[in-house]
S.K.: 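Below is one structure. I have some questions about it.
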Amino acid sequence: MLDPRAVADDPEAIQHNLRRRHADDEAFAAVDRIVALSSRRNVLVTDRDGCRAARNSLSKAIGDLFKAGKRDEAEAMKAEVATNNARIAELEAELDGLEVELRHLALSLPNVLDPSVPDGHSDADNPVVATWGTPRAFDFTPKAHVEVGEALGILDLERAAKLTGARFSVLKGLGARLERALMNFFLDLHTGTNGYTEVMVPYMVHADICEGTGQLPKFAGDMFKLAEPVNGQDTYLIPTAEVPVTNLHREEILDDAQLPVKMVCFTPCFRSEAGSAGRDVRGLIRVHQFHKVELVWLTRPEDSADAHEQLVSHAEQALQALELPYRKVLLCAGDTGFGAARCYDLEVWLPSQQAFREVSSCSNFHDFQARRMNLRYRPADVDGKKSRPQFAHTLNGSGLPLGRVLVAILENHQQADGSVVVPEVLRPYVGTDVIRPPSA
RNA sequence: GGAGGGGUGGCCGAGUGGUUGAAGGCGCCGGAUUCGAAAUCCGGUUUGCGUGCAAACGUAACGCGGGUUCGAAUCCCGCCUCCUCCGCCA
């Protein structure tokens, strides 16, 4: 969420940002409306507070008069308070409506892009920042992951469809083992030298939690909403661990010394994939349920840029350890997500598609999410003076998703005989060097 | 699911409807004392919003929401949540 005051103070800057994002007319209208509402709001607040001050002093006077036994004067004064209270009620009614609208408008605006984000319309304009590894030269035609997995008897999409239809999967034997191995490897990697604290969290969260990270109100269609409220509130299946984990410290004031908070979390992720009909229909690339190990940071504003580089490097480490060629792109203005100020995507090479496909999205949100969820910290004292609390910065990135990485392993490490070589770092977890077809 | 008891500041813990943003204690910060420290003493120690260059002033907040009242931490209603006991259960 943008600070309505910041919007009102410098609408040109916000409009410039919207142009860079190729935002729609509605967004520009929201800026104008925020400017108008903000000045009206300040008038109302000043007015209301003045009326309240009058009421407070009158009430006190009434109390004193009663004590002094001057009942008549007190009664007369009550009438005065009554008219004053009616005025307060009027002002509050207008103010309440206005503040609801202000928040709604502020929530609808995308984050301000970091100055370092390049101009551009779509993913075609994202500059490639780095590439790692060389796509393997196959002396046979590499198969797609579905073929590889089904031939190995470790992937069963047909039976998954019996359970829940398309876009679900069943892993068996070493396939399931490989998925579990990835989970453990990623968690061990990040809780080890990378210094993340592992957390386990609920997979269902209330609507305000989704608003905190930015999924709501704009992207309700991407999530699964439970038909029945849980504990009295609308509840959603989490689309990513980012949602519960980033919100862990919402409405708190963290101590400066606690930062940065670095958390790693394994969860299933549930996505409705509304509007993606016909895209990546087969296999594990685009599904309604997948597993992911997510990295989340809470930092001081001045530290978030550096944290962003570290975060993406941790995700890269995982790909490198698995010997998977990838490239790193910096998303351009038009492709950067709604809440992100700056975002790197890691794209892994898929031989069957002869293309790089997204496996990790590492974003710095600046204070966008923190403001939504009222997540603050108290900066260290300056010259012995206590500092005022301010919003933290939040970041997150996949480190990494299990399903898409499993796809990449099956495709990149497949051999002519249909077997798949297990990357060395995974062997202790999988318990074998090679996954072989049942007949072999 | 049934019965009962709680939710007050960083923590513990008072609070009769009217100088209670909130006693007292702990913790923390500053100062005094000390060669230094401990102990002791003095002072300070929530957050949001508005006005203001600032100092400051005003206003709001005692789980959340509503109500009664001139005035609510205090009375009433609903909800959330925590604890104890019974039942059920992975």
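In what follows, chains are A, B, ... by sequence order, proteins preceding strands, each numbered from 1.
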S.K.: Looking only at side-chain atoms of A:Arg378, point me to the closest of B:U46, B:G18, B:G48.
M.R.: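 Selected nucleotide (nearest to the side chain): B:U46.
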S.K.: With the side chain of A:Lys60 defined as its heavy atoms from C-beta on, choose the nearest nucleotide among B:C49, B:U19, B:G48.
M.R.: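 Within the option list, the nearest is B:U19.
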S.K.: Rounded to the Å, how far apart are A:Ile88 CD1 and B:G58 P?
M.R.: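 Answer to the nearest Å: 16 Å.
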S.K.: In terms of side-chain heavy atoms of A:Asn85, which of B:C70, B:A60, B:G58 is nearest?
M.R.: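 In terms of side-chain proximity for A:Asn85, the closest of B:C70, B:A60, B:G58 is B:C70.
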S.K.: Consider the side chain of A:Val81, meaning its heavy atoms from C-beta on, and name the nucleotide among B:U47, B:C70, B:U59 that approaches it most closely.
M.R.: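 It is B:C70.
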S.K.: Using atom P of each nucleotide, how far apart are B:C85 and B:C79 to the nearest Å?
M.R.: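 The answer is 25 Å between these two P atoms.
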S.K.: Taking pairing as Watson-Crick or G-U wobble with both contacts under 3.5 Å, can you name the mate of B:G1, or confirm there isn't one?
M.R.: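 Partner of B:G1: B:C86.
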S.K.: Rounded off to whole Å, could you give me the CG-to-P distance for the A:Asp47 and B:G58 pair?
M.R.: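 Computing the A:Asp47:CG to B:G58:P distance gives 18 Å.
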S.K.: Apply the test salt bridge (charged side-chain N to carboxylate O under 4.0 Å, His left out) to residues A:Glu211 and A:Arg372: give CA-CA distance (whole Å), side-chain angles for both, the deciding distance (0.1 Å), then the verdict.
M.R.: CA-CA 7 Å; A:Glu211 189 178 288; A:Arg372 286 171 167 247; 5.9 Å; no
S.K.: Need one value for A:Arg48: base, sugar-phosphate or nothing, where a base atom within 4.0 Å counts as base even if backbone is also close, heavy atoms only.
M.R.: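 If one applies the 4.0 Å heavy-atom cut-off, A:Arg48 turns out to touch nothing in the nucleic acid.
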S.K.: Tell me the closest heavy-atom pair linking A:His145 and A:Glu411, and the distance in Å.
M.R.: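 Scanning both residues, the minimum pair turns out to be N-OE2, 2.7 Å.
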S.K.: Using purine N1 to pyrimidine N3 plus N6-O4 or O6-N4 for Watson-Crick, or N1-O2 and O6-N3 for G-U wobble, each under 3.5 Å, what pairs with B:G18?
M.R.: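 The base-pairing partner of B:G18, which may sit in any strand shown, is B:C70.
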S.K.: Does A:Arg5 put a side-chain nitrogen or oxygen below 4.0 Å from OP1 or OP2 of B:C49?
M.R.: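 Yes, because at least one side-chain N or O of A:Arg5 sits under 4.0 Å from OP1 or OP2 of B:C49.
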S.K.: Taking for each residue the nucleotide of RNA chain B bearing the nearest heavy atom, is the 5' side occupied by A:Pro389 or by A:Lys78?
M.R.: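 This one resolves to A:Pro389.
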S.K.: Can you give me the N/O atom pairs linking the protein to nucleotides 79-82 of chain B at distances under 3.5 Å, or say none if there are none?
M.R.:
from  : atom 1 : to       : atom 2 : distance (Å)
B:U81 : OP1    : A:Asn231 : OD1    : 3.3
B:U81 : OP1    : A:Asn231 : ND2    : 3.1

S.K.: Round to a whole Å and report the spacing from CG of A:Leu98 to C1' of B:C49.
M.R.: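 To the nearest whole Å, that distance equals 14 Å.
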S.K.: Of A:Ser57 and A:Gln390, whose nearest nucleotide on RNA chain B comes first from the 5' end?
M.R.: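 Closest to the 5' end, via its nearest nucleotide, is A:Gln390.
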S.K.: Sort out for me which residue in A:Thr394, A:Asp367, A:Asn364, A:Thr299 forms a side-chain hydrogen bond (donor to acceptor under 3.5 Å, both in side chains) with A:Ser304.
M.R.: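 Exactly one candidate clears the test, A:Asn364.
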S.K.: Expressed in angstrom and rounded to an integer, what is the separation of A:Asp49 atom CG from B:U51 atom P?
M.R.: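 Atom CG in A:Asp49 sits about 10 Å away from atom P in B:U51.
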S.K.: Considering only atom C1', compute the distance from B:G6 to B:G63 and round it to an integer number of Å.
M.R.: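 Roughly 11 Å separates the two C1' atoms.
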S.K.: With respect to the phosphate group of B:A60, does any side-chain polar atom (N or O) of A:Asn56 fall under 4.0 Å of OP1 or OP2?
M.R.: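 Result: yes.
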S.K.: Counting heavy atoms from C-beta on, name the nucleotide in B:G48, B:U51, B:G58 closest to the side chain of A:Asn42.
M.R.: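 Taking heavy atoms from C-beta onward, the closest nucleotide is B:U51.
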S.K.: Is A:Asp255 salt-bridged to A:Arg378, cutoff N-O under 4.0 Å?
M.R.: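 No.
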S.K.: Hey, does the side chain of A:Arg388 come within less than 4.0 Å of B:C49's phosphate (OP1/OP2), counting only N and O?
M.R.: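 Answer is no, no contact under 4.0 Å.
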S.K.: Looking at side-chain heavy atoms only, is the closest gap between A:Leu319 and A:Leu400 below 4.5 Å?
M.R.: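 In short, these two side chains touch, coming nearer than 4.5 Å.
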S.K.: Between B:U51, B:C49, B:G71, which nucleotide has the shortest distance from any of its atoms to the side chain of A:Ser59?
M.R.: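 Of B:U51, B:C49, B:G71, B:G71 is nearest to the side chain of A:Ser59.
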S.K.: My understanding is that a pair needs two contacts under 3.5 Å, Watson-Crick or G-U wobble. By that rule, which nucleotide pairs with B:G36?
M.R.: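 The base-pairing partner of B:G36, which may sit in any strand shown, does not exist here.
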S.K.: If the C1' atom of B:A37 is compared with that of B:A56, how far apart are they to the nearest Å?
M.R.: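 The answer is 40 Å between these two C1' atoms.
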S.K.: For B:U46, give the paired nucleotide (Watson-Crick: N1-N3 plus N6-O4 or O6-N4; G-U: N1-O2 and O6-N3; both under 3.5 Å), or none.
M.R.: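 Partner of B:U46: B:A61.
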S.K.: Work out how far the C1' atom of B:G13 is from that of B:A22, and round it to whole angstrom.
M.R.: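 One C1' to the other, the span is 13 Å.
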S.K.: Would you call A:Glu242-A:Lys292 a salt bridge at under 4.0 Å N-O?
M.R.: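 Looking at A:Glu242 and A:Lys292, the cut-off is not met.
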S.K.: Does A:Phe224 have its ring centroid less than 6.0 Å away from the ring centroid of A:His288?
M.R.: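 When the ring centroids of A:Phe224 and A:His288 are compared, they turn out to be within the sub-6.0 Å range.
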S.K.: What interatomic distance, in whole Å, is found between P of B:C76 and the corresponding atom of B:A23?
M.R.: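 It works out to 25 Å between them.
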S.K.: Closer than 4.0 angstrom, basic N to acidic O: yes or no for A:Glu94 and A:Arg40?
M.R.: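 Salt bridge between A:Glu94 and A:Arg40, a charged N being under 4.0 Å from a carboxylate O: yes.
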S.K.: Looking for any heavy atom pair under 4.0 Å, which part of the strands does A:Ile62 touch: base, sugar-phosphate only, or nothing?
M.R.: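 Result for A:Ile62 = base.
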S.K.: According to the Watson-Crick and G-U wobble definitions, with both distances under 3.5 Å, which nucleotide is paired to B:G7?
M.R.: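 Across all strands, the one nucleotide that pairs with B:G7 is B:C80.
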S.K.: Using atom names, set out every protein N or O paired with an N or O of nucleotides 87-90 of chain B below 3.5 Å, distance rounded to 0.1 Å.
M.R.:
none

S.K.: Check this for me: does any side-chain nitrogen of one of A:Arg52 and A:Glu92 sit under 4.0 Å from a carboxylate oxygen of the other?
M.R.: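 Yes, charged N to carboxylate O under 4.0 Å.
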S.K.: Is A:Arg33 paired with A:Glu26 through a side-chain N to carboxylate O contact shorter than 4.0 Å?
M.R.: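 Answer for the salt bridge query: no.
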S.K.: May I ask you to say whether A:Glu273 pairs ionically with A:Arg167, meaning some side-chain N is under 4.0 Å from a carboxylate O?
M.R.: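 A:Arg167 and A:Glu273: not salt-bridged.
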S.K.: Could you tell me whether A:Asp208 and A:Arg250 have a side-chain N and a carboxylate O separated by less than 4.0 Å?
M.R.: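 Result for this pair is yes, salt bridge flagged.
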S.K.: Could you state the CZ-P distance from A:Arg52 to B:U51, rounded to the nearest angstrom?
M.R.: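 Rounded to whole Å, this separation is 15 Å.
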